[in-house]
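Remember, predicted model here, so these are calculated numbers, not experimental data. Hydrogens, waters and symmetry mates play no part in the numbers below; they use all other heavy atoms, side chains included. Letters A, B, ... mirror the listed sequences (proteins, then strands); counts begin at 1.
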Amino acid sequence: MQKPKLALYWSASCGGCEIAVLDVNEKILDVAAAVDIVFWPVALDTKYKNIQAMPDKSIDFCFFNGAIRNSENEKMAKLLRQKSKILIAFGSCACDGCVVGLANLWNKESIFKRVYIETPSTINPASIFPQNKVKVNDKELELPVFYDTVKPLSHVVDVDYFISGCPPPVACIANAFEIILNNKLPPKGSSFLPNKSVCDECPREKKDRKISNIKRIYEIEDDKITCFWDQGVVCMGPATRAGCGAQCLKVNVPCTGCGGPGPQSSDQGAAMLNAVASVAADPKVLSQAADPVGTFYKYSLANSILRRKIKE
Amino acid sequence: MTETKEFNVPFSKEVASRYGGETVMLCYQCGTCASSCPVAKTTEKFNPREIFRLVLLGERQEVFQSNAIWLCSSCYNCQERCPQMVELVDVFFALRNIAAKEGHLPKIYSEFAFALMNDGRIVPVSKFIERKREQIGLPPLKTIGTEALRKILAVTGFDKLLLKKEVES
Amino acid sequence: MENLKIGVFLSDCGKVLTKILDFDNIISFLKEIPDVTVVERGTEFWKGSGLQTIVKTIKEQKANRIIVAESLPKLSEIKIVEAAEAAGLNQNFVQVIDLKNHCAWPHRNVPKEATEKAKAMLLASVERAKILEPIHKLEFPALKSVLVIGGGISGIQAAEDLADLGFEVHLIEKAPFLGGIAARAGRFFPTDDCAACIQSPTSDVKTITHTSRKCIYRSGIAAISGLKIHTNSQVIKVEGQPGNYRITLEKKPRYVNETKCISCNLCSEVCPIEVPDEYNANLMNRKAIYAIVPNIYPPTYVIDEQSCKFHECEKCVQVCPTKAVELDQKPEISTINVGAIIVATGFKEYDPSVIKEYHYGEYHDVITNLELARMLDAFGPTGGRIIRPSDGKPARRIVFVQCVGSRDKRWNDYCSSICCMISLKHAIMIKTVFPEIDVSICYIDIRTTGREHEEYYEKARELGVKFIKGRPTEISHDPESNVLIVDVEDSLLRRFLELETDLVILATAMVPSEDTQTLAEILKIDIDKDGFFKEYNAKLRPTETKMRGIFLCGGATFPKDAPSSSLQAHSAALKAVKFLNTGKIVKDQRTAVVNEEYCGDCEFCPVSCPYNAIELVKIDEKHVVAKVSDLLCEGCGICIGTCPLNAIDLRHFKQSELLSQTKAILSINGQDKPLILAFCCSECGGASVDSAGMTMSNYPTNVRIVKVPCTGYLRIEHFLTAIKNGAQGVMVVGCMSDGCHHEEGIKMVEKRIDAAKTLLKEYGIEPERVELFNTIFVEGDKFAEAACAMTGRLEKLGPLRFSKEV
Amino acid sequence: MTSYSLFLGCTIPARLPNYEVSARKALSRLDIDLVDLEGMTCCAPPPVQSLDLETSLAIAAYNICLSEEADLDMITLCSGCFESLTVANETLKQNEPLKAKVNGILAEAGKEFKGSIEVKHYLQVLSEEVGKEKIKANIARKMGNLRVASFSGCHLLRPSKILKFDDTEHPHAYDELIEALGAKSIWYRNKQKCCGGLLRGYADDIALAIAREKIINASKAGADCIVTICPFCYLTLDLGQVLMKSTYQEEHNLPILHYSELLSLALGVDVKELALEFHKIKIDSILNKIG
């Protein structure tokens, strides 16, 4: 039998997901032995045209990490969709927009202004901004178009499966490979992470749930046993998909929500706020959260109901 | 003769909206304050319950025309025992503050205020006492922060309060 | 699944609506919708031939979803659902909407717009109809037995009612004897009859006539069959659910066998130990083995553990002719099964020693009304004489001080309501027997609101009781003359009095009985801000709690007099009967359900549920999930609004139904004002929308109504989705903030709206686009005003523009 | 040795050198170090509060700021100062908006109220910090059955919600400190009632009438003297008796002492060092009694 063809692509993201693939350790060898990696820009030198040349649906599995930030990202997403039988949104950026998606609080204009003019280390007296087309030595170079809005992969193409996380939990990656290699695929649209929340995996004890004020982690003396919410500290665990084994909590750091919203949820931040508001003693307590979007939508603003800031 | 009159309700609200006057509306006229009051028991000119009644009924003129509001000795006996936790002494201060702003100020109070502005103290130290202090081995008095005080009085408009009074008198 | 066949029935209310709504237009619109198989128009559809048309459509044309546009909210809905069910259609497949009050009347000036809105409303119902699922009826067993907690006036009465009706009743009393505070008070106002006369025998006890029904001493309370009395006992655990509770009781040892004791008093006579008798205000001593007063139930002596020397002495054991004294009794734990619980724990006198200026506890001649009552009781420590406890001399001057610790923000805010009458009773009793005693009552206001109470006040004046309008500031004591001085202003004369007196009676506040808090925790019911048990609804359900199967009566909810306590006892008994009488509890499964696959065990929902209907259940080695009790759940959906994983849904109102209605009702516009989605609760909020129509209050057609069971159902996502689907603003219309029909729902949504506003700001959306409105039924005009104001506000803000990229 | 910044106020330095000298001597013998800071002003007592409450808060806060800068808790000899400064200190500590407002005013004078120190009355320091035992251990002079009518006045205890010293309905700390010296603290009628002192200057007749009742009640109870801890009570009762002579043609001759004077005497301070000539009602009878 022919080995399945695997592609991995890195779009708008930090690259951590690529490292996470390697973090499956020796299992990667099994994978490498079992599949034929046809496209992996970070490791193999492959050109656009090589991909374009492939017949449609000739890639069996494509792991796509990174959000859609510019036209190149979108073009590659569409191309890989065309060439792949199964497209997997890999990592928080591809699934939910992740930290990249927080740029949706601004637009292209304001981001460029900040990056190319206002940052203290920038010297740009002529106010030169990146252009789509630039002439260099009589040749025209083309740069991708920078979008106003960051999108998760599923907003531009049809996605078959999801593996969220920043980066995805190693155990879940390994599990995904196992499922793929054994051809035991779940229904389309599923996640390779469990359908529970981080609380399900968290060893901390939940107590009275009467939240009277919201503190930052440095403001409390963590007893290392009690649920952070019961100690008044924001923890995104309740509204975050499980799979990580609550690894942050196990080292006494509250969950920041990288697993993305739960399976039934359309809006991770709102979902968490509902719960906290419901048990908060004082309605004003949530205004104590220093940075609501950064706190509750750190990984999922681009995949929330409203997706971006409406008016500047 | 019985007179028909309209009660000036906004007066009690005016008092309640001032710093110190917030609790005035809670009064239910039980008389605990009056029976706690050493002044009321000494003179008919003053009865805290009655002044509160006048305030609640909006008898603004009557409250300010008599000198009653200046007769509270701020002993806090009433305030300690008021079952409605009305802060009577503070309400009296609030009433006096309104009166002062409108120029109804007893002489002794303007004297205190002038002394405060000029010397930074409300009781001046005489030469005699200064000598006496030295004789009995008391340390010389430190300088008074009159300058700083004047700046404070200027921001709050306290000094103007007195100027106004000066012009009027 | 069978094919959808949706039948739509439009009532034009006797053609009244035809001037406003273009019915032809609406009907042709409906007929275009796939799955709508029947559209009928008529005069009325909730009775007569109209209702028959619906039944026929179900039976003959096999319509499996019914939408009826009919006025008369609630009434028409009940009738139509009943008929549809009888015709074989599940209740949940019937929707009744009110085109008259929600559309035609308030929009009668803009018929074209109103027609478009009516279409939007109908489309929303059709879309919802497509995804409805059946709701089933559930049955739970109900034991015909009741636990009554508290053996005072109301507990005894409730117990007797229930026993008379053939229920098994367990009456438990913490003290060694029945009677409660009323028996200790000696006599009742305004009739001055004895307070021990608080209970009747049942009609089964033939030897006792109707006229003597009142006397506990002569009553046959112990003879009532089916009534089991547990004195010296307390509830320590309650398990199970309404209809079938398992109660654990602890009975403290009495050390005297109830079946053997013959109340001969020999034991008490030989007992060498004397201690102050706290029941009698410490005005006399009692023995370590004693009975409080002769007229008691049970007629069995009791040993006070604190003072008895037990086996060191044994004098009582030796003397007892029936060998009833059992010094080795141990606490007994027992369990009983009951279907319902009545809480009748009453109230107690506040300890006024915290009011230091009155020196209670320090000056012996400053006593409380209840202590005075003991003195006035012929069975009491002084045999009815009024003395100064400090030296035992007769008191010739007595001053009552009213409102001690009540109407006092430092201690208890509220008026205890009965203290004026108690003081009047005591003043009258004293003046009647000892006219020479000088009695004054210092008061702030005398409150005599009951039947014949004002006459009682008059009687006191006639007897020469002096009333001084003024609250004393202080009670002082002159050690030389041993008199008390009450310092008070006679505020009517504006005169200061220093009343010299022998005895001061403090009319102290009445406060919740001890252990109220603990019992509330055991029973999982609420207490109010003053610490009393909280009734489900003070106006209409004063003897119910939010928990089905637990009822309240008497002073447990607030200090009250004997007539009110009696009435409540009968009411609570009736409620318990109503609940258990058929031996089963029938309930629609209109409840929340947790999707166990998704539940992440965050444990937020059990805290938010006002009915304690959610418990955590271990389903396997690793996973704990929330589980909703179909019996306890009242279907409000507050848990739906809480769940951070969105893993809970309501069977009778799924979130998908809300979503499809939201989309549909915003999809047809037909006017040019900014669209508003108004989420209304099914109680006050929805009722105010009904009454806006009934009163023909105008508001524009841009306001679109979607009803939810309770505003506590709503999530921030619902607001955001409405905005995303074209709403320029969101109104949430619910009950008054302290009047939510589901206790906490409105407060929950208030907090969620606050959170939503915080978010909206971050999204660059004006927070005032989402707003909460609290209304009640009679405030239809207020709803219309709010709708207009919200429209005006949104017009000022200008349209919300989403980026094309989104 | 504990150090406090001494808030002297207006009346004591101007009118009562005998109070100041006895307090300084007694406290130093009990290892309380008093630091005199530059720049203190009036505390803004009721006469100033009557004109404008918010200005008064700012003035009190200004003085507290000086003590904050020196990082010292403040001690007062005057109950009036104690009350106005503590009310300002505690109110501003708890009321953020008000604190911001007052700091806006203080900025003009280059100060910022932080809320970092406590204000204490010297009697509170004696009762809570020095303690009866230490005082007893240092006693050098017997009190010879001296019957003392103690008078704590109003502003040491009230408003109790803010001052939080002792129990205002059953105060005992002060009497215990008197008894610690070996004197007998006696009961007299209306012991806790005000002396009327704050009405002096505005309604002297009323003030005098109230003071007179106090003198009569104490005399009736057989007091050798009244011992006060507030300069206003002292003036009202001591100087007041001179006025009673002319107004009521009464001679009470009831000596009025400051507690610090009695304390100094008990601790063995030389009588000549105490400037006792400032007493209007001579206290020779007391000195004779205690030898």
Taking C-beta and beyond as the side chain, do Ile206(D) and Phe46(B) meet within less than 4.5 Å on heavy atoms?
no

Below 4.5 Å, heavy-atom pairs only: which of Ala99(B), Pro139(B), Ala94(B) has the largest tally toward chain D?
Pro139(B)

Here the gap from Arg200(D) atom CZ to Ile108(B) atom CD1, rounded to the nearest 0.5 Å, amounts to 9.5 Å

Heavy-atom pairs under 4.5 Å with chain D - which of Asn67(B), Asp90(B), Leu95(B), Ile69(B) has more of them than the others?
Asn67(B)

Tell me, for Thr42(B) versus chain D, whether the close heavy atoms (under 4.5 Å) come from the side chain, the backbone, both or neither.
side chain

Answer yes when Arg133(B) and Glu20(D) have at least one side-chain N-carboxylate O distance shorter than 4.0 Å, and no when they do not.
yes

Student check: side-chain heavy atoms of Ser74(B) and His155(D) closer than 4.5 Å
yes

Mind listing the side-chain donor-acceptor pairs of residues 118-128 of chain B below 3.5 Å, one per line with the distance, residues two or more places apart or on another chain?
unit_1, atom_1, unit_2, atom_2, d
Asn118(B), ND2, Phe114(B), O, 3.2
Ser126(B), OG, Ile129(B), N, 3.2

Less than 4.5 Å to any heavy atom of chain D: does that hold for the side chain of Lys107(B), its backbone, both, or neither?
neither

Over all atoms of both residues, closest heavy-atom pair of Ile136(B) and Val21(D):
O-CG2, 3.9 Å

How far apart are the closest heavy atoms of Ile105(D) and Val155(B), and which atoms are they?
O-CG2, 4.0 Å

Do Asp205(D) and Thr43(B) have side chains that approach each other closer than 4.5 Å (heavy atoms only, starting at C-beta)?
no

Please find the pair of heavy atoms, one from Ala109(D) and one from Ile152(B), that lie closest to each other, and give the distance.
CB-CG1, 4.0 Å

Given that the side chain runs from C-beta out, which part of Leu141(B) has a heavy atom under 4.5 Å from chain D: side chain, backbone, both or neither?
side chain

Please round to the nearest 0.5 Å and tell me the distance separating atom CG of Leu198(D) and atom SG of Cys75(B).
9.5 Å

So what's closer than 4.5 Å to chain D heavy atoms on Cys37(B): side chain, backbone, both or neither?
neither

Okay, Ile144(B) and chain D: the region with an atom under 4.5 Å from a heavy atom over there is both

Distance (rounded to the nearest 0.5 Å) between Ser73(B) OG and Ile210(D) CD1:
6.0 Å

Dump the intermediate steps for side-chain contact (heavy atoms from CB on, under 4.5 Å) on Leu138(B) and Arg24(D), then the final yes or no.
CA-CA 9 Å; Leu138(B) 282 171; Arg24(D) 284 186 189 269; 3.8 Å; yes

For Pro47(D) against Phe112(B), the heavy-atom pair lying closest together
CB-CD1, 3.5 Å

Please identify, among Lys45(B), Arg18(B), Arg96(B), the residue contributing the most non-hydrogen atom pairs under 4.5 Å to chain D.
Arg96(B)

Check: Tyr109(B) and Val48(D) side chains under 4.5 Å, non-hydrogen atoms
no

Residues Ser160(D) and Glu80(B): side-chain donor-acceptor under 3.5 angstrom:
yes

Is the shortest side-chain N to carboxylate O distance from Arg81(B) to Glu169(D) below 4.0 Å?
yes

To the nearest 0.5 angstrom, please state how far the OH atom of Tyr202(D) sits from the CD atom of Glu111(B).
13.0 Å

In terms of heavy-atom proximity below 4.5 Å to chain D, should Glu87(B) be classed as side chain, backbone, both, or neither?
side chain

In the structure I gave you, are the side-chain heavy atoms of Thr146(B) and Thr41(D) within less than 4.5 Å of one another anywhere?
no

Could Glu277(D) and Lys132(B) be called an ion pair, given the rule that one side-chain N must be under 4.0 Å from one carboxylate O?
yes

For Trp70(B) versus Ser50(D), what's the shortest heavy-atom pair and its separation?
CZ3-CB, 3.9 Å

Taking all non-hydrogen atoms of both residues into account, name the closest pair between Pro159(D) and Gln79(B) and its distance.
CB-NE2, 4.5 Å

Can you give me every donor-acceptor pair (side chain of residues 80-88 of chain D, partner residue at least two apart or in another chain, under 3.5 Å) with its distance?
unit_1, atom_1, unit_2, atom_2, d
Glu83(D), OE2, Tyr76(B), OH, 2.7
Ser84(D), OG, Gly80(D), O, 2.7
Thr86(D), OG1, Phe82(D), O, 2.6

Measure Leu71(B) against the heavy atoms of chain D and call it side chain, backbone, both or neither at under 4.5 Å.
both

Note, Phe93(B) side chain near Asp52(D) side chain (heavy atom, < 4.5 Å)
no

